[in-house]
Amino acid sequence: MKKNYPLYETTVFRDFRVMTENVAAKYPDRPAVAFKRDPKDREWVTLTYTDARNDQRDLGTALIDAGVTDARVAIIGGASYEWMIAYYALMSVGAVTVPIDKELPAADMASIIVSADCSFAFVADECLAKMKEGIGDRPIRVFSLTPEKEGEDSFRALVRRGHALYEGGDNRYYDHEIDPDRLATIVFTSGTTGKGKGVMLTTKNICADMTQGMYNFAITPRTMCVLPPHHTFCSTVNFVGHFAQGSQICFSSGLRYLLGELKEVQPTHLILVPLFVETFYKRIWATAEKEGKAGLLRNMMKISRHLPVALRRRLFAKSVLAAFGGKLEMIICGGAALNQDIIDTFDAVGLTVLNGYGITECAPLISCNRNRYQKKGSVGTPIIGEEVRIHEPDENGEGEICVKGPNVMMGYYKNPEATAEVFDEDGWFHTGDYGRLDEEGWIYITGRLKNLIIFSNGKNVYPEEIECEISRVRGVSEVVVYAGQSKSRPEAEVIVAEIFPDMETLEADGITDVQKYFEDEIKKINARTVSYKAVGKVKLRSEEFVKNTSRKIIRFAIDKTID
């Protein structure tokens, strides 16, 4: 622990155009991105920072010529070089981007397009039919994100047209004045506890979040993008923060190809949500047990904790790290709580996991642990320029986390009532998350306000706290804790732990009565907790919980009846 841990060097930029100009000037020939045209091939296409800057400039020039300035533009597709460059270009020419989850049903997709008043859209071919089905006869000009697509409104045709204009003396891209305080993007939240809202962010929100946030990290040379681009954790942290630092972004071809591509690309750090980290963690132990080396691995980890990080990596290079390409040094994790046991396990093998805290309304980064400055159980210290306080703390110092800073949103799109609910009269944004601050300003998350269980006796229970304990039980694949609702006895108050079991592990352990096994394990947890937090019912499910494309469990989709 280093209380005076220094800030890292970073690059400061006020807008997306300056961002790409800066990095292209600093690293003109350095590989900026890598991607596959065909996921079944081993060949990776690599482009430099100069290539990316030129494509952004040329696309931006063509978009100005097409009248996109001041327009609302939907972007629908998976993470790709074309998605990223379209996003950069649109943000540089005064358009308002509306990133949309490509997995949404046609009706929901259309609802966002109509609500946001989109008149243009960048769409991957795989999403085109669904989008058109939803919007019907609504007039909207569609540009294709699919790289192989030809036609005047294809990505490559637009870039070629813009290049010809620029070479002919058209300087409108550079002449366009960017107002950093103007609405730049509307990000519709995924709504795991109800219907999502449109978060209005400015260029300043996003750029300040990264220029002030990146002082906290020592970013490694190469990462792989595996998250959906409509999520700010990807579009801001990966596409802005790490690109601006000169870290190469390699685009995964999809989850089914991920493990193979990790070995091909050999990333040195990853940006992940907890579900990915948990999956990697389980895979490590499943492989060790299958090979009969779990005991040896545990003993090696006990010894390795006392060794320097570089030596740990060498020690576990073949047995663990090879599965991630062999050169992985760091994982930045956010989006939900991550069990400390998992962080400690990765640390033992020389893989640093930096757990952070963010929310779309804050563009999204609020705080994070640092490369060599971390506290167990904490989501780190606030980024530079961020003020954090606890609203109405209880006797334990816990209350709602409130934030002020240049990264905080303008408000919710066409929803002044919801905006008024989250901003108080002093301008503090109320996150809806509960937690506390220690004496040094480190943030500890307790739970989500909307998930809070409030009993008639006045006792409050944070389900995330109990879920964290239950997730440590062997054989738990996923768990959600909630207040059960009895149809026959509505006055009944009972905490339910609904578990999706890891049947492969349980069968390997010879467990036949799964219900009894988990009930016995829950009794052990109940015995070491206060009575009002005790789980009263264990409910098993036969399939995993429904999730959004950010891999978060959709809580409102769970049937909470217990009889």
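All of these numbers come straight from a predicted model, not from anything done at the bench. Computed over heavy atoms, backbone and side chain alike; hydrogens, waters and symmetry mates excluded.
Using the six-membered ring where Trp is involved, His269 and His242 have ring planes that are perpendicular, over 60° apart on the 30 and 60° scheme. Ring geometry for Tyr413 against Phe188 counts as perpendicular: the plane angle is over 60°, on a 0 to 90° scale with 30° as the lower cut.
Ion pairing between Asp438 and Lys375 holds under the 4.0 Å rule for side-chain N and carboxylate O. Salt bridge Arg474/Glu504: absent, no basic N to carboxylate O contact under 4.0 Å. Residues Lys516 and Glu519 are not paired through a salt bridge, judged by the lack of any N-O separation under 4.0 Å between the basic side chain and the carboxylate. Using a 4.0 Å cut-off between charged nitrogen and carboxylate oxygen, Asp344 and Arg305 do not count as a salt-bridge pair. A salt bridge does not link Glu478 with Arg541: every distance from a Lys NZ or Arg NE/NH1/NH2 to an Asp or Glu carboxylate oxygen is 4.0 Å or more. With salt bridges taken as basic N to acidic carboxylate O contacts below 4.0 Å, one links Arg389 and Asp424.
Proximity of Val422 to Glu361: side-chain heavy atoms (C-beta onward) are nowhere separated by under 4.5 Å. Residues Ser477 and Lys282 form a side-chain contact, since some pair of their non-hydrogen atoms from C-beta on lies under 4.5 Å apart. The closest side-chain heavy-atom distance from Thr185 to Pro99 is below 4.5 Å. Considering only heavy atoms from C-beta on, Thr236 stays 4.5 Å or farther from Leu365 through its side chain. In this structure the side chain of Leu354 reaches within 4.5 angstrom of the side chain of Gln374, judged on heavy atoms. In this structure the side chain of Val98 never reaches within 4.5 angstrom of the side chain of Ile113, judged on heavy atoms. For the pair Pro463 and Tyr482, the minimum side-chain heavy-atom distance is 4.5 Å or more. Counting heavy atoms from C-beta on, the side chains of Thr381 and Ile443 never come closer than 4.5 Å.
Interatomic distance, OG1 of Thr360 versus CG of Leu201, reported as 8.0 Å (0.5 Å rounding). Atom-to-atom distance recorded for Glu421:CD and Tyr412:OH is 9.0 Å, nearest 0.5 angstrom. A distance of 7.5 Å separates OG in Ser115 from CD1 in Ile186, rounded to the nearest 0.5 Å. Separation of atoms CG (Asp341) and OG (Ser471) is listed at 7.5 Å; rounding is to 0.5 Å. Between the CE atom in Met409 and the CG atom in Asn205 there is a gap of 9.5 Å [rounded to 0.5 Å]. Annotation: the span from Met300 atom CE to Leu315 atom CG amounts to 4.0 Å, rounded to 0.5 Å.
Between the side chain of Asn396 and the backbone N or O of Glu398 there is no donor-acceptor pair closer than 3.5 Å. Remark: side-chain polar atoms of Ser111 are not paired, donor with acceptor, to backbone N or O of Ala107 under 3.5 angstrom. In terms of modelled atom types and a separation under 3.5 Å, the side chain of Asp559 and the main chain of Thr561 share a donor-acceptor contact. Panel note: side chain Glu261, backbone Ser253; a donor-acceptor pair is recorded below 3.5 Å. Checking side-chain atoms of Arg313 against main-chain N and O of Leu351 turns up no donor-acceptor pair under 3.5 Å. With hydrogens and angles disregarded, no donor-acceptor distance shorter than 3.5 Å links the side chain of Lys102 to the backbone of Ile75. Listed for the Glu400 side chain is a donor-acceptor partner under 3.5 Å among the backbone atoms of Gly432. A donor-acceptor pair under 3.5 Å is formed between the side chain of Arg370 and the backbone N or O of Asn216. Side-chain N or O atoms of Thr232 include none that pairs as donor or acceptor with a backbone N or O of Ala363 at under 3.5 Å. In this structure a side-chain-to-backbone donor-acceptor pair under 3.5 Å is missing from Asp347 to Thr352.
Using modelled atom types and a 3.5 Å distance limit, the side chains of Glu464 and Thr446 yield no donor-acceptor pair.
The side chain to side chain contact (heavy atoms under 4.5 Å, CB included) test with Leu328 singles out one residue from Thr223, Leu262, Leu270, and that residue is Leu270.
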(message) Show, in sequence, the C-alpha distance, side-chain angles and deciding distance for Met224 and Val226, and conclude whether the side-chain contact (heavy atoms from CB on, under 4.5 Å) test is met.
(response) CA-CA 6 Å; Met224 174 167 276; Val226 300; 3.9 Å; yes
(request) Using the side chain to side chain donor-acceptor pair (under 3.5 Å) rule, take Tyr357 and Asp433 through it: C-alpha gap first, then chi angles, then the decisive distance, then the call. (result) CA-CA 10 Å; Tyr357 170 48; Asp433 292 314; 2.7 Å; yes
(request) Determine, stepwise, if the pair Phe233 / Asn238 fulfils side-chain contact (heavy atoms from CB on, under 4.5 Å). (result) CA-CA 7 Å; Phe233 197 25; Asn238 242 166; over 6 Å; no
(request) Run the numbers on Asp108 and Lys130 for salt bridge (Lys or Arg N to Asp or Glu O under 4.0 Å), then give the verdict. (result) CA-CA 10 Å; Asp108 292 350; Lys130 188 197 299 187; over 6 Å; no
(message) One pair to check against salt bridge (Lys or Arg N to Asp or Glu O under 4.0 Å): Arg528 and Glu469. What are the steps and the verdict?
(response) CA-CA 11 Å; Arg528 57 179 185 263; Glu469 286 295 315; 3.6 Å; yes
(request) Output, in order, the C-alpha distance, side-chain angles, deciding distance and verdict of ring-ring contact (aromatic ring centres under 6.0 Å, His included) for Phe280 and Phe324. (result) CA-CA 9 Å; Phe280 288 160; Phe324 310 117; 4.9 Å; yes
(request) Apply side-chain contact (heavy atoms from CB on, under 4.5 Å) to the pair Tyr532 and Ile495, showing each step before the final yes or no. (result) CA-CA 9 Å; Tyr532 67 86; Ile495 296 177; over 6 Å; no
(request) Kindly determine whether Tyr281 and Asn339 satisfy side-chain contact (heavy atoms from CB on, under 4.5 Å), including the steps that lead there. (result) CA-CA 11 Å; Tyr281 171 81; Asn339 196 308; over 6 Å; no
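Closest approach of Ile466 to Val461, counting heavy atoms only: CD1-CG1, 3.6 Å. Residue Arg72 comes nearest to Ala116 through the heavy atom pair CG-O, 3.2 Å, listed as atom of the first residue, atom of the second, then distance. Residues Tyr444 and Gly377 approach most closely at CD2-O, 3.4 Å, considering heavy atoms. Across all non-hydrogen atoms, the minimal contact from Gly77 to Ala124 is CA-CB, 4.0 Å. For the pair Cys368 and Ile332, the tightest heavy-atom approach, listed with the atom from each and the gap, is SG-CG2, 4.5 Å. Across all their heavy atoms, Leu338 and Cys333 have their closest contact at CD2-SG, 3.9 Å.
Cation-pi contact between Arg436 and Trp442: absent, since separation from the ring centre below 6.0 Å together with deviation from the ring axis within 45° is not met.
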